[in-house]
Protein chains: 2
Amino acid sequence: MGLAAVSEENLLKLVEVEEPDENDYHLQEQVGFILRKAHQRHVSIFAAHIADLTPPQFAALAKLRDVGETSQNQLGTLIAMDAATVKGVIDRLKARGLVELSKHEVDKRRLLVNLTAQGRDAIERLIPLARDITEETLAPLSQKEVATFMKLLAKLA
Amino acid sequence: MGLAAVSEENLLKLVEVEEPDENDYHLQEQVGFILRKAHQRHVSIFAAHIADLTPPQFAALAKLRDVGETSQNQLGTLIAMDAATVKGVIDRLKARGLVELSKHEVDKRRLLVNLTAQGRDAIERLIPLARDITEETLAPLSQKEVATFMKLLAKLA
DNA sequence: TTGATATCATTTGCATACGAATGAATTTTT
DNA sequence: AAAAATTCATTCGTATGCAAATGATATCAA
């Protein structure tokens, strides 16, 4: 069998032997790409259940409910947002009367953030919906798969 | 044992029996929150390896390498970006000479996108780095865990 | 054919997200 | 205490990401 008789399929196999990876990079199989899509899907589910708040805004309120009054920076650390991002989120929550700001008496650099009564009402009301969001996001998995997935995902976060 | 003698721990247990979930919502255990953090970590790893391109920009180039010339909208579908987002990404790639645009001869609505020679060089050069990025992102997992995780993640995306 | 729909692209507005630079206040070091 | 380093917050610039509105073109249906 001469070289000219080699089928295209077999030629590709030969090439693969010589250059193992060069040609078989598939974007849709990369963690980063799928992670981005999974996140997109979750945000979409979130928006369908909670229309008037974004996930980062919800995270800020939920965390303030947990820890009570904290500095803006500290809150950012707790919800994995850098200083510039958290400022915007808090500004918008403040504009809507869900949080209130005050200056730290001792350390004048710090800006304290806390829930308002309205903010507390809102987060209490939304938490049941957030449970639904988590459930719907994980719906494609069985109960056992959920446990496995959460364990592995946590390792990557 | 009178009520006053109930320890705080046991009191909490009693409360939990009466109100199963009301108080134990933990943001850091929710899929959405961890998904967001995992994505953040990946983007950070990406930036450490490929400084001059963002993940969406890389995705556009990688997909164009796969499929060749396509319409802007079609490309957006392939890399999971809506029309408004893909436009910005393509505009920036065009400004850097990595892609070129042309009008579809038959369907005058369509804007065709393709790699330039420079864009092709760039993506070929970057793909090995992208493999490293994927590897580093998944580094906290064993080989078996990677297989499991990718299977489950794909179900959620 | 024409009238209703659908598709492609663009634009606007809003909300993350983060690097980098800056200024104010605090803490550490010398 | 004075100098150096750190921390907290803000601002600026750039880049997604998406909903909604718009205009141009194509397709479908009556």
Side-chain angles (χ1 to χ4, degrees), chain A residues 32-33 35-48 50-61 69-96 98 101-113, chain B residues 32-33 35-48 50-61 69-96 98 101-113:
Chain A
F33 184 73
L35 219 39
R36 176 170 147 272
K37 288 215 302 175
H39 183 247
Q40 277 178 0
R41 173 169 167 273
H42 170 260
V43 171
S44 166
I45 291 170
F46 188 102
I50 300 181
D52 59 339
L53 226 53
T54 65
Q57 288 167 0
F58 175 87
L61 296 183
E69 190 173 57
T70 20
S71 74
Q72 202 174 253
N73 254 25
Q74 176 60 16
L75 180 61
T77 300
L78 294 171
I79 58 180
M81 272 177 228
D82 73 9
T85 301
V86 83
K87 186 189 187 306
V89 172
I90 294 302
D91 279 354
R92 284 180 284 275
L93 291 175
K94 177 180 188 288
R96 294 175 53 179
L98 299 176
L101 305 178
S102 57
K103 290 175 187 167
H104 188 108
E105 285 302 315
V106 180
D107 188 338
K108 293 175 188 171
R109 293 170 306 179
R110 295 190 195 166
L111 187 64
L112 296 175
V113 190
Chain B
F33 184 73
L35 219 39
R36 177 170 146 273
K37 289 214 301 174
H39 183 247
Q40 277 178 1
R41 172 169 167 273
H42 170 260
V43 171
S44 166
I45 291 170
F46 188 102
I50 300 181
D52 60 338
L53 227 53
T54 65
Q57 289 167 0
F58 175 87
L61 296 183
E69 190 174 57
T70 20
S71 74
Q72 202 174 255
N73 253 24
Q74 177 60 17
L75 181 60
T77 300
L78 293 171
I79 58 180
M81 271 178 230
D82 74 10
T85 301
V86 83
K87 185 189 187 307
V89 172
I90 293 303
D91 278 355
R92 285 180 283 276
L93 291 175
K94 177 180 189 289
R96 294 174 53 179
L98 299 176
L101 305 179
S102 58
K103 290 175 187 166
H104 188 107
E105 285 302 314
V106 180
D107 188 338
K108 292 176 188 171
R109 293 170 307 179
R110 294 190 196 167
L111 186 63
L112 296 175
V113 190

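One interatomic measurement links the two molecules: CE of A:M81 to C1' of C:dG19, which rounds to 18 Å at whole-angstrom precision. As rounded to whole Å, 16 Å separates atom P of C:dG13 from atom CZ of A:R92. Between the NE2 atom of A:H104 and the P atom of C:dT26 there is a distance of 9 Å, rounded to whole Å. In this structure, B:D52 atom CG and D:dT14 atom C1' are separated by 15 Å, rounded to whole Å. The distance between atom NZ of B:K87 and atom P of D:dT22, rounded to the nearest whole Å, is 19 Å. In this entry the distance linking CG of A:L101 with C1' of D:dC8 reads 14 Å, nearest Å. Distance, A:K103 NZ to D:dC8 P: 18 Å, rounded to whole Å. To the nearest angstrom, C1' of C:dT16 lies 13 Å from CZ of A:F46.
Using the six-membered ring where Trp is involved, A:F58 and A:F46 have ring planes that are perpendicular, over 60° apart on the 30 and 60° scheme.
Judged by distance alone with a 3.5 Å cut-off, no donor-acceptor contact links the side chain of A:R109 to the base of C:dT26.
For A:S71, whose side chain is taken as the heavy atoms from C-beta onward, the closest listed nucleotide among D:dC18, D:dA9, D:dA26 is D:dA9. Closest contact between the side chain of A:L111 and the listed nucleotides D:dA24, D:dT10, D:dC18 involves D:dT10. The side chain of B:D82 lies closest to D:dC18 when the candidates are C:dA25, D:dT16, D:dC18. Taking every side-chain heavy atom of B:K108 into account, D:dA26 is the closest of D:dA26, D:dC8, D:dC18. In the set D:dT25, C:dA17, D:dT10, the nucleotide with an atom closest to the side chain of A:P56 is C:dA17. The side chain of B:V89 lies closest to D:dT16 when the candidates are C:dT16, D:dT16, C:dT26. Candidate nucleotides D:dC8, D:dA26, D:dC12 were compared by shortest atom distance to the side chain of A:A84, and D:dC12 ranks first. Closest to the A:T54 side chain, of the nucleotides D:dA24, C:dT16, D:dT7, is C:dT16.
When side chains are defined from C-beta on, A:D52 counts as touching A:R96, because their heavy atoms get closer than 4.5 Å. Using a 4.5 Å heavy-atom cutoff, the side chains of B:L111 and B:I90 are not in contact. Using a 4.5 Å heavy-atom threshold, the side chains of B:R41 and B:I45 count as touching.
Nucleic acid contact for A:V106: sugar-phosphate only, since backbone atoms but no base atoms lie under 4.0 Å from a heavy atom of the residue.
The nearest heavy atom of DNA chain D to A:D91 and to A:S44 marks one nucleotide each, and the one closer to the 5' end goes with A:D91. Heavy-atom distances to DNA chain C give each of B:N73 and A:H39 a nearest nucleotide, and the one nearer the 5′ end belongs to B:N73.
Considering only side-chain N and O atoms, B:Q57 lies under 4.0 angstrom from the phosphate OP1 or OP2 of D:dT16. OP1 or OP2 of C:dT10 has at least one side-chain nitrogen or oxygen of B:Q72 nearer than 4.0 Å. One finds a side-chain N or O of A:R36 lying less than 4.0 angstrom from the OP1 or OP2 phosphate oxygen of D:dG17. The shortest distance between the side-chain N/O atoms of B:R110 and the OP1/OP2 oxygens of D:dA24 is not below 4.0 Å.
Between B:V113 and B:S71, the shortest heavy-atom distance links the atoms CG2-C, 4.4 Å.
Atom OG1 of A:T70 is separated from atom CG of A:L75 by 5.0 Å, given to the nearest 0.5 angstrom.
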